[in-house]
Amino acid sequence: TEIQNLPLFGYGIKGFTLSLIETAMRISQYRVSARQIEQIIQIGKSMLQYPVELLPEVETTLNRLTPHYRLILATKGDLLDQERKLQRSGISHFFHHIEVMSEKNAAAYQHLLAHLDVQPHEFAMVGNSLKSDILPTLEIGAIAFHVPYHVDWVHERVESFSAPEGRCFTCQHIGEVADHLHVA
């Protein structure tokens, strides 16, 4: 249900919550009670208020990169939710620009780079999703650092991937990005 609703609701907890309600209606043959709908809404609200926990080495790496690079945060999802998460994370001050995209594909990255007056060969993407972070940026000619995470969403999985030599690097943790760039 959630995957089918992505074109209408986009990414994020609000769309997920609406998809949960739709699923509850369907599997209950439309007998789900108002109280049960309220419980689903409360689950969504609690997810929106969940504390932000940075992965190890994120803040240290941002500190290392900031003096040498203009950092851009490109994410997808609900604007209000992403802004709230970024504010709670305490790392927004590291970023020169923050872009919340409805989809992360080659066209969206090209649009972002044009807006920032950056050429693809001047851009490096760091991300955990092959589908949304790595493949589209490689497609436009940028460099990519893939930092896999042990939990992923089936929607973001890629069946097979062959990294282009010298333009795509896999890192075990985000700190390796700064190491690879020889940043002190």
Side-chain angles (χ1 to χ4, degrees), residues 1-56 58 71-92 94-95 97-116 125-140 142 144-161 168 170 173-174:
T1 302
E2 182 182 19
I3 299 299
Q4 291 170 349
N5 285 336
L6 283 177
L8 289 173
F9 300 152
Y11 297 92
I13 294 169
K14 293 174 195 171
F16 174 74
T17 303
L18 289 171
S19 293
L20 281 177
I21 291 168
E22 182 180 339
T23 301
M25 290 178 353
R26 191 175 58 248
I27 65 173
S28 71
Q29 297 176 350
Y30 299 91
R31 291 187 298 240
V32 63
S33 70
R35 183 167 311 281
Q36 290 167 320
I37 299 273
E38 180 184 32
Q39 289 174 324
I40 293 169
I41 291 170
Q42 288 306 316
I43 290 168
K45 286 180 177 180
S46 71
M47 291 172 70
L48 287 166
Q49 296 170 7
Y50 198 77
V52 173
E53 296 177 26
L54 295 176
L55 294 173
V58 165
L71 302 182
I72 311 301
L73 176 68
T75 188
K76 63 184 176 185
D78 176 72
L79 178 63
L80 183 60
D81 186 31
Q82 294 297 55
E83 287 176 338
R84 190 176 15 245
K85 283 193 278 189
L86 190 57
Q87 187 270 330
R88 286 195 317 243
S89 73
I91 61 171
S92 61
F94 288 109
F95 299 101
H97 179 79
I98 297 165
E99 186 83 11
V100 180
M101 308 161 118
S102 55
E103 190 62 68
K104 289 167 79 176
N105 55 33
Y109 283 109
Q110 286 172 323
H111 179 76
L112 172 63
L113 295 185
H115 173 73
L116 297 171
M125 178 65 175
V126 178
N128 67 308
S129 170
L130 286 171
K131 180 181 176 185
S132 295
D133 300 322
I134 306 308
L135 293 177
T137 54
L138 291 172
E139 183 180 333
I140 65 168
F145 292 91
H146 182 221
V147 186
Y149 190 63
H150 66 278
V151 175
D152 65 349
W153 184 22
V154 70
H155 180 66
E156 291 292 317
R157 291 188 187 145
V158 172
E159 289 301 315
S160 65
F161 170 67
C168 184
T170 299
H173 56 82
I174 197 164

Interatomic distance, [X] atom [atom1] to [Y] atom [atom2] [nearest 0.5 angstrom]:
X: Phe16; Y: Thr23; atom1: CZ; atom2: OG1; result: 8.5 Å
X: Glu99; Y: Leu116; atom1: CD; atom2: CG; result: 7.0 Å
X: Ile134; Y: Thr170; atom1: CD1; atom2: OG1; result: 8.0 Å
X: Leu79; Y: Met101; atom1: CG; atom2: CE; result: 13.5 Å
X: Thr137; Y: His146; atom1: OG1; atom2: NE2; result: 10.5 Å
X: Leu18; Y: Glu2; atom1: CG; atom2: CD; result: 10.5 Å

Please find the pair of heavy atoms, one from [X] and one from [Y], that lie closest to each other, and give the distance.
X: Leu6; Y: His155; value: CD1-NE2, 3.5 Å
X: Ala106; Y: Pro136; value: N-CB, 3.5 Å
X: Ala74; Y: Leu112; value: CB-CD2, 4.2 Å
X: Leu71; Y: Phe94; value: CB-O, 3.7 Å
X: Lys104; Y: Ser132; value: CB-O, 3.3 Å
X: Ile13; Y: Met47; value: CD1-O, 3.6 Å

Do [X] and [Y] touch side chain to side chain, with heavy atoms closer than 4.5 Å?
X: Val126; Y: Ile174; result: yes
X: Val158; Y: Leu135; result: yes
X: Lys85; Y: Thr75; result: no
X: Thr17; Y: Ile43; result: no
X: Leu86; Y: Val52; result: no

### Query
With no hydrogens and no angle check, do the side chains of Thr1 and Glu22 hold a donor and an acceptor under 3.5 Å apart?
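No, no side-chain donor-acceptor pair sits under 3.5 Å.
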### Query
Do any pairs count as a side-chain hydrogen bond (donor to acceptor under 3.5 Å, both in side chains) and have a residue in residues 106-116, sequence neighbours left out, and if so which ones?
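side-chain hydrogen bond (donor to acceptor under 3.5 Å, both in side chains) check on residues 106-116 returns no pairs.
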### Query
Does Tyr50 offer a backbone N or O that forms a donor-acceptor pair with the side chain of Arg88 under 3.5 Å?
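A pair under 3.5 Å: yes.
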### Message
Main chain of Leu8, side chain of Asn5: is a donor-acceptor contact present, judged purely on distance under 3.5 Å?
### Response
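Checking the backbone N and O of Leu8 against the side chain of Asn5, no donor-acceptor pair under 3.5 Å is found.
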### Task
Would you check, one step at a time, whether the test side-chain contact (heavy atoms from CB on, under 4.5 Å) holds for Ile91 with Leu54?
CA-CA 9 Å; Ile91 61 171; Leu54 295 176; 3.6 Å; yes
